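Single-structure report; data block below.
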Amino acid sequence: IFNSRDALLRWAREQGKLNNIVIVIKRSDYGGEGKRRPRVILACERNSNYKSCKSSETTDIRSDANSDMKKCARDTGTKKCGCPFLLKGVNIGDGDDWKLEVVCGVHNHPISEYLQGHSFVGRLTEEENALLVDMSKSLVKPRDILVTIKDRDAMNVSTMKTIYNARIRNRTKEFAGRTQMQQLLTKLSEHNYIEWHRTSSDIVTDLFWTHPTNIDIVRAFPHVLIMDCTYKTNRYRFPLLQIVGVTSTNMTFSVTYVYMNAEKEDNYTWALATLRRTTTPCMCSYTHASSKVMYPAICFTLDLEAWPNCLYNHAKHPEPHE
C-alpha cells in the first residue's frame, strides 16, 4: 500500500533500477464517473513492438560497387521486443492510497548488465537539473558537472550526452527566442554594464563593454594602459581587444573589452574614442598641447602597424562615430 501515486511510481522505478530494468508508464487512467477508479499500467521499456511512422515501402537509394543506383530497405533498429512484463497500480479507498499488482512478472529478453545509455533512466531529476544550471553559470566543465552529480547519487546512470542536452535545453529556455547578440546585450543591461556598439546594415560590427567599477579604477590609475587582441574566443572569429591598467602597487586590472570585426585603424580608433568618452573627464595623466585631448601617459601594445596611425587619428577625432 502506497500513500500516493507518485510514491508508487517512485518505488517501482527504484526497484527496477536495482535490477537493471527500466520501468515506464504504458497507460494511465485518472478514472471517471461511476465505479471506475484511477489506475496506472507500468511496463518494461521493451514492451510492445516498434511502429514506424512511415510506410513499409520507404527505401534508400544507394550505389553498389558498379556505381549502379538501386533501391534497398532502410536500416532501422529498435529495442522493443514485445516484453510481456506488466504491473498495475490501482487507487483504493476514498483517499489517495494505492496498491500495486503484478500482472506478469516475466521478461522475454536478457536483463541488461548496465543501465548506461538508457535515455529514460538517465534523465536528470529537478534537483540535479538545478545543480547543473548553477554549475554551468559558474563555468564548470560538463565532465566535472557529471562527476559531481554521480558523487551525490551513486545510482545515477546519466552520460555526457545527457549533460550536453540539458545544457542546450536550459540555454534555449534562457534565450526565450532572442538571438545570441540580443541575449548578450540583455545580460549586459541586466548586470549594469556600460555598453556601446555600432552597426552596419543592422549587423553589429563592434561591441564595447565595461563595468562601472572598472571605470572608477581606471580614473584612479590612468597612467599606464596595456592593449592587445586575443583570438579564437567566439565562433564568428571576431578578435577580442582587452585593455588593462596598472595600479600604483603594480597590480593589473581589466579596463574594458571590445569585440571588433577586423583589426583595422578604424576599429581601434572607435574603441579608443569610446573608452575616452566613457572615462572623461577624469582620465587626465597629461593633456595634448594642440588638441587638448587627455591621454594616459603610456600605452603598450604588440600591434606596431595599426596603433601609431590609430593614436594619431584618435588625437584628430577623439569622439566615437557610429
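A quick note: this is a predicted structure, and the numbers were derived from the prediction, not measured.
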Note, [X] side chain near [Y] side chain (heavy atom, < 4.5 Å):
| X | Y | answer |
| --- | --- | --- |
| Ile149 | Leu131 | yes |
| Asn3 | Asp96 | no |
| Arg13 | Ile25 | yes |
| Glu263 | Cys229 | yes |
| Ile1 | Leu100 | no |
| Arg37 | Ile92 | no |
| Arg167 | Leu132 | yes |
| Thr230 | Pro239 | no |

Enclosure of [X] [atom1] (heavy-atom neighbours >12, cutoff 6.0 Å):
| X | atom1 | answer |
| --- | --- | --- |
| Glu126 | CD | no |
| Asp153 | CG | yes |
| Lys150 | NZ | yes |
| Met155 | CE | yes |
| Lys80 | NZ | yes |

For this session: Give the C-alpha distance, both sets of side-chain angles, the deciding distance and a yes or no for side-chain contact (heavy atoms from CB on, under 4.5 Å) between Val140 and Thr148.
Result: CA-CA 10 Å; Val140 179; Thr148 302; 5.9 Å; no
Donor-acceptor pair, side chain of [X] and main chain of [Y], under 3.5 angstrom:
| X | Y | answer |
| --- | --- | --- |
| Asn108 | Cys81 | yes |
| Thr199 | Ile203 | no |
| Thr210 | Val255 | yes |
| Gln182 | Thr179 | yes |
| Thr205 | Met260 | no |
| Asn250 | Val246 | no |
| Glu14 | Trp11 | no |

For this session: Considering non-hydrogen atoms only, spot the tightest contact between Asn47 and Cys83 and give its length.
Result: ND2-O, 2.6 Å
Mind checking the [atom1]-[atom2] spacing from [X] to [Y]? Nearest 0.5 Å is all I need.
| X | Y | atom1 | atom2 | value |
| --- | --- | --- | --- | --- |
| Thr249 | Phe221 | OG1 | CZ | 6.5 Å |
| Thr274 | Asp206 | OG1 | CG | 8.5 Å |
| Met160 | Arg143 | CE | CZ | 8.0 Å |
| Met135 | Leu146 | CE | CG | 10.0 Å |
| Ile23 | Leu86 | CD1 | CG | 10.0 Å |
| His211 | Asp216 | NE2 | CG | 9.5 Å |

For this session: Evaluate the ring planes of Tyr257 and Trp209, with Trp represented by its six-membered ring, and classify them as parallel (under 30°), tilted (30 to 60°) or perpendicular (over 60°).
Result: parallel
Exercise. Do the ring planes of His107 and Phe85 sit parallel (below 30°), tilted (30 to 60°) or perpendicular (above 60°)?
Worked result: parallel
For this session: Please lay out, stage by stage, how Asp97 and Arg5 fare under the test salt bridge (Lys or Arg N to Asp or Glu O under 4.0 Å).
Result: CA-CA 8 Å; Asp97 294 334; Arg5 180 177 180 271; over 6 Å; no
Problem set entry | Derivation and outcome, side-chain contact (heavy atoms from CB on, under 4.5 Å), residues Val258 and Trp270 | CA-CA 10 Å; Val258 185; Trp270 179 84; 4.0 Å; yes
Exercise. Excluding sequence neighbours, so at least two apart, what forms side chain to side chain contact (heavy atoms under 4.5 Å, CB included) with Val133?
Worked result: Asn129, Lys137, Asn170
Problem set entry | Check: Asn156/Ser158 side-chain N/O donor and acceptor closer than 3.5 Å | yes
Exercise. Does one side chain, of Asp228 or Gln242, offer a donor that lies under 3.5 Å from an acceptor on the other?
Worked result: no
Transitively linked via ILVMFWY side-chain contacts under 4.5 Å: [X] with [Y]?
| X | Y | value |
| --- | --- | --- |
| Leu188 | Phe238 | yes |
| Ile41 | Tyr30 | no |
| Ile21 | Val24 | no |
| Val22 | Val157 | yes |
| Phe2 | Val102 | yes |

For this session: Apply side-chain hydrogen bond (donor to acceptor under 3.5 Å, both in side chains) to Asn267 and Asn261, showing your working.
Result: CA-CA 8 Å; Asn267 302 94; Asn261 65 338; 2.7 Å; yes
Problem set entry | Check against salt bridge (Lys or Arg N to Asp or Glu O under 4.0 Å), Lys187 and Glu190 | CA-CA 5 Å; Lys187 288 297 182 181; Glu190 288 180 358; 3.6 Å; yes
Problem set entry | Test side chain to side chain donor-acceptor pair (under 3.5 Å) applied to Arg178 - qualifying residues, sequence neighbours left out | Gln183
Exercise. Between Val204 and Tyr259, is a side-chain contact (heavy atoms from CB on, under 4.5 Å) present by the stated rule, with each step listed?
Worked result: CA-CA 10 Å; Val204 177; Tyr259 268 132; over 6 Å; no
Exercise. Step by step, would you call Tyr268 with Leu241 a side-chain contact (heavy atoms from CB on, under 4.5 Å)?
Worked result: CA-CA 9 Å; Tyr268 284 118; Leu241 173 64; 4.2 Å; yes
Exercise. Given Ile194, which of Asn214, Ile215, Thr256 fulfils the side chain to side chain contact (heavy atoms under 4.5 Å, CB included) condition?
Worked result: Ile215
